[in-house]
Undergrad: 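I'd like to ask some things about the structure below.
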Amino acid sequence: MKHVRLLALTEALPRASLALAETESFHPDERAPLESQLAALPGHAYRELYSQAHTRLDKIARLIAVDPPDGIGQVRVVDVDELRALDDWLGTLWGEASSYEEDFRRLDDAERLVKEQQAALQNFADLDIDLGMLRTKTRFLDIYIGLVPRENLRQLDGAVGLANHILHVYTQRGDNAHVVIVGPTGAKENTLGAVLAAAGFQSLPIPEGLDREPAELQRDLDAQRKTIAEQRQTLRETLDDWAAPYRTRLVEARHTLMLAEPLVTLDPSLRSAGHLAHLAGWVPARAVDQLRQRLSETLDGAFDLRVRNPLPEERHLVPTVPVKSRLLAPFAMLVNQYGIPAYGEVDPTPLFALTFLLMFGSMFGDVGQGAVIAMAAWWLRGKLKGFWPFGVMAGLSSIGFGVLYGSVFGYEHLLPALWMSPLSDPLLMLSIALGWGVVFLAVACLLAIYNRLVVSNWTGALFGHHGIVNLIFYLALIGGSWQLGHGENLGLLPSVLIVLALGALAVYSWRQQQAPVGEKILVVFIETLETIIGYVSNTLSFLRVAAFSLNHVALSIAVFTLADMMGAFGHVLTVILGNIFVLVLEGGIVMIQVMRLQYYEGFSRYFSGDGHAFAPIRFGRGPS
């Protein structure tokens with residue numbers, strides 16, 4: 001990535017912005033230039049006009065469908081006078097269109113009121129009496145209408161009887177009973193209120209207007225909704241007739257605003273002094289020559305372009321160019337959920353994709369089920385958008401390991417295994433999973449070391465978490481454990497390396513602490529213990545790779561055991577339902593476990609994720 005500084009005539013900024021948008025390689029740098037003379041902000045008036053015109057067009061588009069233009073078409077400069085004229089025309093047009101919006105809003109309010117009345121009426125549909133009578137206050141009767149949980153109904157009935165009131169249940173829906181409580185007005189009214197509250201009574205107010213027989217009210221409300229729908233249809237036809245002459249020009253207006261977007265996007269980055277304008281940004285090194293050539297063609301050589309490498313203190317400002325590969329794009333989306341790679345940091349996407357597919361396939365290896373996953377992703381590619389290759393590749397990985405395991409929809413006799421079924425040798429599967437974990441963690445540490453060396457963080461690369469000393473300790477621990485596992489002693493070399501590595505980490509931690517001696521000793525002891533336990537537990541965490549491969553086979557055995565208890569039809573149905581269960585439940589769990597291993601065991605070691613993505617100005621991107 002290169003930092004570029006463009007000096008051009010202020011009047012040439014619209015043309016320069018179009019050239020930058022066409023190359024799609026310029027990420028603006030919003031920092032003010034060092035030259036104090038370049039303090040003016042030349043693009044604000046243009047931006048305000050654009051924003052107002054864009055807002056008015058969006059309001060109009062809510063009423064009138066405005067098709068997007070077919071591509072960017074001919075590229076031309078939109079000057080401030082053209083933008084002002086467009087804004088004035090859109091303002092006039094919106095002044096006329098707003099009356100239609102008010103009419104639609106009135107119809108919406110009327111329909112919402114009718115719906116609310118219908119919803120309220122539904123609560124009293126089974127109470128076949130004049131609702132107006134229930135709304136009328138009397139001197140001698142208290143009337144309560146509401147909902148009570150069914151489990152409290154019997155207790156409430158008894159309590160209401162003690163208060164000389166009558167409880168009538170007129171309908172029951174779900175977990176609630178709809179009740180009417182009637183009784184004399186008197187001294188026990190306060191007591192009854194406490195009883196109703198304790199029983200979970202919820203009052204149902206009778207809205208104004210619902211003072212007639214429910215069936216008659218329902219007919220009137222249905223008629224009102226039909227009338228509102230007819231009025232809306234008539235208003236829509238009137239609006240379409242009014243808008244017909246303006247549709248073509250509205251499409252042209254959207255095209256004009258698209259051409260104005262690049263300059264508006266650059267507005268926070270623009271500075272000027274009189275006739276001279278300054279613009280800075282970040283450009284991929286491979287695109288600098290193309291950008292220089294396009295500016296030369298557009299500005300006839302009347303510009304100055306300075307290019308330099310990013311300074312060390314600017315590293316956190318440099319954007320990261322995202323992965324372009326279509327196959328890696330869905331994996332990049334998952335990586336970005338954790339964070340954006342910082343500039344110079346190793347992009348984990350290729351490693352993430354490879355290790356994700358290997359772990360998923362090994363944990364969910366089955367030819368038939370993998371084929372279902374792949375075909376489902378292909379079938380739903382319209383809905384999955386750019387994410388469908390992820391499903392296809394996960395399915396293919398499952399198919400590949402299914403061939404190794406000799407498993408087809410759980411059947412292990414249809415296809416000869418190229419290797420073996422996981423249950424044939426569980427100890428071997430667990431050993432392979434541990435070995436995989438060791439390699440994975442070692443590579444993660446190497447990447448962490450590399451990322452620190454890139455930014456000249458020598459101390460962090462040596463003594464930091466998952467640095468060189470940590471890696472030496474871990475490899476020595478693994479080597480010693482290997483020897484212990486084969487009946488030998490820990491070994492002199494692993495023992496010496498473990499002691500030296502832990503000692504170096506303890507000394508480094510001691511020197512970093514600014515605290516009393518007792519507190520230093522406690523912190524060093526805890527950190528040393530955490531290092532030992534952390535690497536051991538992280539390695540053992542990869543046993544889940546083998547555990548789920550074994551679990552996958554065990555679930556299939558359970559399905560076939562149940563199927564063998566059924567008849568011919570029951571056997572087939574059980575196998576089908578069992579495979580669906582395995583696909584949905586275990587497939588989802590395996591996906592979660594793989595993501596957990598990637599994020600926690602991998603990314604937490606070497607991936608900071610505190611960068612920001614390369615976002616060049618381009619047509620149709622809109623202002624930031």
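Note: hydrogens, waters and symmetry copies are ignored here, and every other heavy atom, side chains too, is used. Throughout, residue positions are numbered sequentially from 1 according to the sequence presented.
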Undergrad: Are H3 and N309 linked by a side-chain donor-acceptor pair shorter than 3.5 Å?
TA: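 There is no such pair between these side chains.
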
Undergrad: Applying side-chain contact (heavy atoms from CB on, under 4.5 Å) to L497 and F473, what does each step give before you reach the verdict?
TA: CA-CA 6 Å; L497 290 177; F473 160 76; over 6 Å; no

Undergrad: Side-chain donor-acceptor pair under 3.5 Å between H466 and Y535, yes or no?
TA: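 A pair is found: one side chain offers a donor N or O, the other an acceptor, under 3.5 Å apart.
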
Undergrad: Under the salt bridge (charged side-chain N to carboxylate O under 4.0 Å, His left out) test, which residues partner R306, sequence neighbours left out?
TA: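 Result, salt bridge (charged side-chain N to carboxylate O under 4.0 Å, His left out) vs R306: D304.
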
Undergrad: Is it the case that the side chain of D366 and the backbone of G410 share a donor-acceptor pair, with hydrogens and angles ignored and the cut-off at 3.5 Å?
TA: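 Between the backbone of G410 and the side chain of D366 there is a qualifying donor-acceptor contact (under 3.5 Å).
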
Undergrad: Among Y599, F331, Y600, which residue satisfies the ring-ring contact (aromatic ring centres under 6.0 Å, His included) criterion with Y338?
TA: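 Considering Y599, F331, Y600, a ring-ring contact (aromatic ring centres under 6.0 Å, His included) with Y338 is found only for Y599.
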
Undergrad: Hey, is NE2 on H571 packed in by over 12 heavy atoms from elsewhere, all under 6.0 Å?
TA: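 More than 12 heavy atoms, drawn from other residues, nucleotides or ligands, come within 6.0 Å of this atom.
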
Undergrad: Are T320 and M1 side-chain neighbours, meaning at least one heavy-atom pair lies under 4.5 Å?
TA: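 They are not in contact (no side-chain heavy atoms under 4.5 Å apart), so the answer is no.
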
Undergrad: Using side-chain heavy atoms (C-beta onward) and a distance below 4.5 Å, is F619 in contact with L18?
TA: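 F619 vs L18: side chains touch.
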
Undergrad: Side-chain contact test, heavy atoms from C-beta onward, threshold under 4.5 Å: evaluate it for W282 versus F26 and give yes or no.
TA: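 The answer is no; the side chains never approach within 4.5 Å.
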
Undergrad: Just wondering, do W379 and L384 contact through their side chains at under 4.5 Å, heavy atoms?
TA: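 When only atoms from C-beta onward are counted, W379 and L384 do not touch, as no gap falls below 4.5 Å.
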
Undergrad: Considering residues at least two apart in sequence or located in another chain, which fulfil the ring pair (Phe, Tyr, Trp, His ring centres under 6.0 Å) criterion with F387?
TA: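 Counting only residues at least two positions away or on another chain, F387 forms a ring pair (Phe, Tyr, Trp, His ring centres under 6.0 Å) with F390.
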
Undergrad: Is the closest side-chain donor-acceptor distance between H54 and E261 under 3.5 Å?
TA: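 Note: H54 and E261 side chains miss the donor-acceptor criterion.
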
Undergrad: Taking C-beta and beyond as the side chain, do V438 and L434 meet within less than 4.5 Å on heavy atoms?
TA: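 They are not in side-chain contact.
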
Undergrad: If we ignore hydrogens and angles and just use 3.5 Å, is the side chain of S549 paired with the main-chain N or O of A546 as donor and acceptor?
TA: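 Such a contact is found between S549 side chain and A546 backbone.
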
Undergrad: Search all heavy atoms of P284 against all heavy atoms of V321 and return the closest pair with its distance.
TA: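 What the structure gives for the nearest pair is CG-CG2, 4.2 Å.
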
Undergrad: Distance check, rounded to the nearest 0.5 Å: L441 atom CG versus L475 atom CG?
TA: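 Answer rounded to 0.5 Å: 10.0 Å.
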
Undergrad: Within this structure, what is the CZ-CG distance for the pair R605 and N470, rounded to the nearest 0.5 Å?
TA: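 Here the interatomic distance stands at 9.0 Å.
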
Undergrad: Let me confirm one number: the CG-CD distance from L266 to E30, rounded to the nearest 0.5 Å.
TA: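 Atom-to-atom, L266:CG and E30:CD are 10.0 Å apart.
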
Undergrad: Using every non-hydrogen atom in the two residues, find where I340 and A613 come nearest and quote the distance to one decimal.
TA: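 Closest pair (atom of I340, atom of A613, distance): CG2-N, 3.7 Å.
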
Undergrad: Can you name the closest pair of heavy atoms from S17 and P262 and give their distance?
TA: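 S17 and P262 have their closest heavy atoms at O-CB, 3.5 Å.
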
Undergrad: Counting only pairs under 3.5 Å, give me each side-chain donor-acceptor contact of residues 358-365, with atom names and distances, residues two or more places apart or in other chains.
TA:
from : atom 1 : to   : atom 2 : distance (Å)
S362 : OG     : L358 : O      : 3.1
S362 : OG     : M359 : O      : 3.0

Undergrad: Start with the C-alpha gap between E601 and R596, add the side-chain angles, then the distance that decides, and say whether salt bridge (charged side-chain N to carboxylate O under 4.0 Å, His left out) holds.
TA: CA-CA 8 Å; E601 312 297 353; R596 188 262 179 202; 2.6 Å; yes

Undergrad: Going by atom types alone, do Y508 and T459 pair a side-chain donor with an acceptor below 3.5 Å?
TA: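 Note: Y508 and T459 side chains miss the donor-acceptor criterion.
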
Undergrad: With side chains defined as the heavy atoms from C-beta onward, is the minimum distance between V507 and R511 less than 4.5 Å?
TA: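 Yes, side chains in contact.
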
Undergrad: Check whether R381 reaches the backbone of A377 with its side chain - one donor and one acceptor, N or O, closer than 3.5 Å.
TA: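 No.
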
Undergrad: Side-chain donor-acceptor pairs under 3.5 Å in residues 415-429, sequence neighbours left out?
TA:
from : atom 1 : to   : atom 2 : distance (Å)
S421 : OG     : E412 : OE1    : 3.4
S421 : OG     : E412 : OE2    : 3.2
S424 : OG     : S421 : O      : 3.1
D425 : OD1    : L428 : N      : 3.2

Undergrad: Short question: side chain of D29, backbone of A280 - any donor-acceptor pair under 3.5 Å?
TA: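 Answer holds: no.
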
Undergrad: Got a donor-acceptor contact below 3.5 angstrom from the S407 side chain to the V403 backbone?
TA: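 Pair absent, no side-chain N/O of S407 close to backbone of V403.
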
Undergrad: Roughly how far, to the nearest 0.5 Å, is the CE atom of M595 from the CG atom of L334?
TA: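 With rounding to 0.5 Å, CG (L334) is 4.5 Å from CE (M595).
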
Undergrad: Under a 3.5 Å distance rule, please check whether S495 uses its side chain to pair with a backbone N or O of G491 as donor and acceptor.
TA: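 Yes, because the side chain of S495 sits within donor-acceptor range (under 3.5 Å) of the backbone of G491.
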
Undergrad: Without swapping roles, check the side chain of S541 against the backbone of S537 for a donor-acceptor pair under 3.5 Å.
TA: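 Such a contact is absent between S541 side chain and S537 backbone.
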
Undergrad: Listed by chain and number, what are the salt bridge (charged side-chain N to carboxylate O under 4.0 Å, His left out) partners of E314, not counting sequence neighbours?
TA: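 R31, R308.
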
Undergrad: Indicate whether the side chain of Y606 and that of E345 have a donor and an acceptor atom separated by less than 3.5 Å.
TA: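 No - no donor-acceptor pair under 3.5 Å links their side chains.
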
Undergrad: Which heavy atom of L484 sits nearest to which heavy atom of N489, and what is that distance?
TA: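 In this case the closest contact between L484 and N489 is CD2-C, 3.9 Å.
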
Undergrad: Is it the case that over 12 heavy atoms from other parts of the model lie below 6.0 angstrom from the CH2 atom of W482?
TA: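 Not buried by this count: 12 neighbours or fewer within 6.0 Å.
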
Undergrad: For the CG atom of N579 and the OG1 atom of T574, what is their distance to the nearest 0.5 Å?
TA: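 Between N579 CG and T574 OG1, I get 11.0 Å after rounding to 0.5 Å.
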
Undergrad: Take L20 and L279 through the test side-chain contact (heavy atoms from CB on, under 4.5 Å) and record every step on the way to the result.
TA: CA-CA 11 Å; L20 297 176; L279 180 61; 3.5 Å; yes

Undergrad: Shortest non-hydrogen contact from F607 to P341?
TA: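 Residues F607 and P341, closest heavy atoms: CE1-CA, 3.4 Å.
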
Undergrad: Any side-chain donor-acceptor pair under 3.5 Å between R47 and S51?
TA: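 No, no side-chain donor-acceptor contact under 3.5 Å.
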
Undergrad: For the side chain of Q483 and the backbone of L490, is there at least one donor-acceptor N/O pair under 3.5 Å apart?
TA: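 Indeed, once roles are kept as given, a pair shorter than 3.5 Å links the two residues.
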
Undergrad: If you measure from CE on M591 to CD1 on I589, what distance do you get to the nearest 0.5 Å?
TA: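 So the gap between those two atoms works out to 12.0 Å.
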
Undergrad: Does any N or O in the side chain of N451 come within less than 3.5 Å of the main-chain N or O of L447, such that one atom is a donor and the other an acceptor?
TA: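 Yes; judged by distance alone, with no hydrogens or angles, the pair exists.
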
Undergrad: Walk me through whether R292 and V307 qualify under side-chain contact (heavy atoms from CB on, under 4.5 Å).
TA: CA-CA 10 Å; R292 191 188 301 274; V307 181; 3.6 Å; yes

Undergrad: Using every non-hydrogen atom in the two residues, find where I373 and G391 come nearest and quote the distance to one decimal.
TA: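 Smallest interatomic distance, heavy atoms only, reads CG2-O, 3.5 Å.
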
Undergrad: Walk me through it: do T298 and R294 pass the test side-chain hydrogen bond (donor to acceptor under 3.5 Å, both in side chains)?
TA: CA-CA 6 Å; T298 304; R294 190 70 188 90; 2.8 Å; yes

Undergrad: Regarding S25 and Q290, is there a side-chain donor-to-acceptor distance under 3.5 Å anywhere?
TA: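 S25 vs Q290: no donor-acceptor pair found between side chains.
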
Undergrad: What pairs with E488 under salt bridge (charged side-chain N to carboxylate O under 4.0 Å, His left out), at least two apart in sequence or on another chain?
TA: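 With neighbours one apart ignored, the set is empty.
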
Undergrad: Report yes if some heavy atom in the side chain of H612 is under 4.5 Å from a heavy atom in the side chain of H27; otherwise report no.
TA: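 SC-SC contact between H612 and H27 confirmed.
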
Undergrad: If you define the side chain from C-beta out and look only at heavy atoms, does anything of W436 sit under 4.5 Å from T355?
TA: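 Yes, close enough: below the 4.5 Å cut-off.
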
Undergrad: Quick one, L380 with W388, criterion side-chain contact (heavy atoms from CB on, under 4.5 Å). Give me CA distance, side-chain angles, the key distance, then yes/no.
TA: CA-CA 7 Å; L380 298 173; W388 69 265; over 6 Å; no

Undergrad: Would you say the side-chain atoms of S509 pair up with the backbone N or O of L505, donor to acceptor, closer than 3.5 Å?
TA: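 No, S509 side chain to L505 backbone: no donor-acceptor pair under 3.5 Å.
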
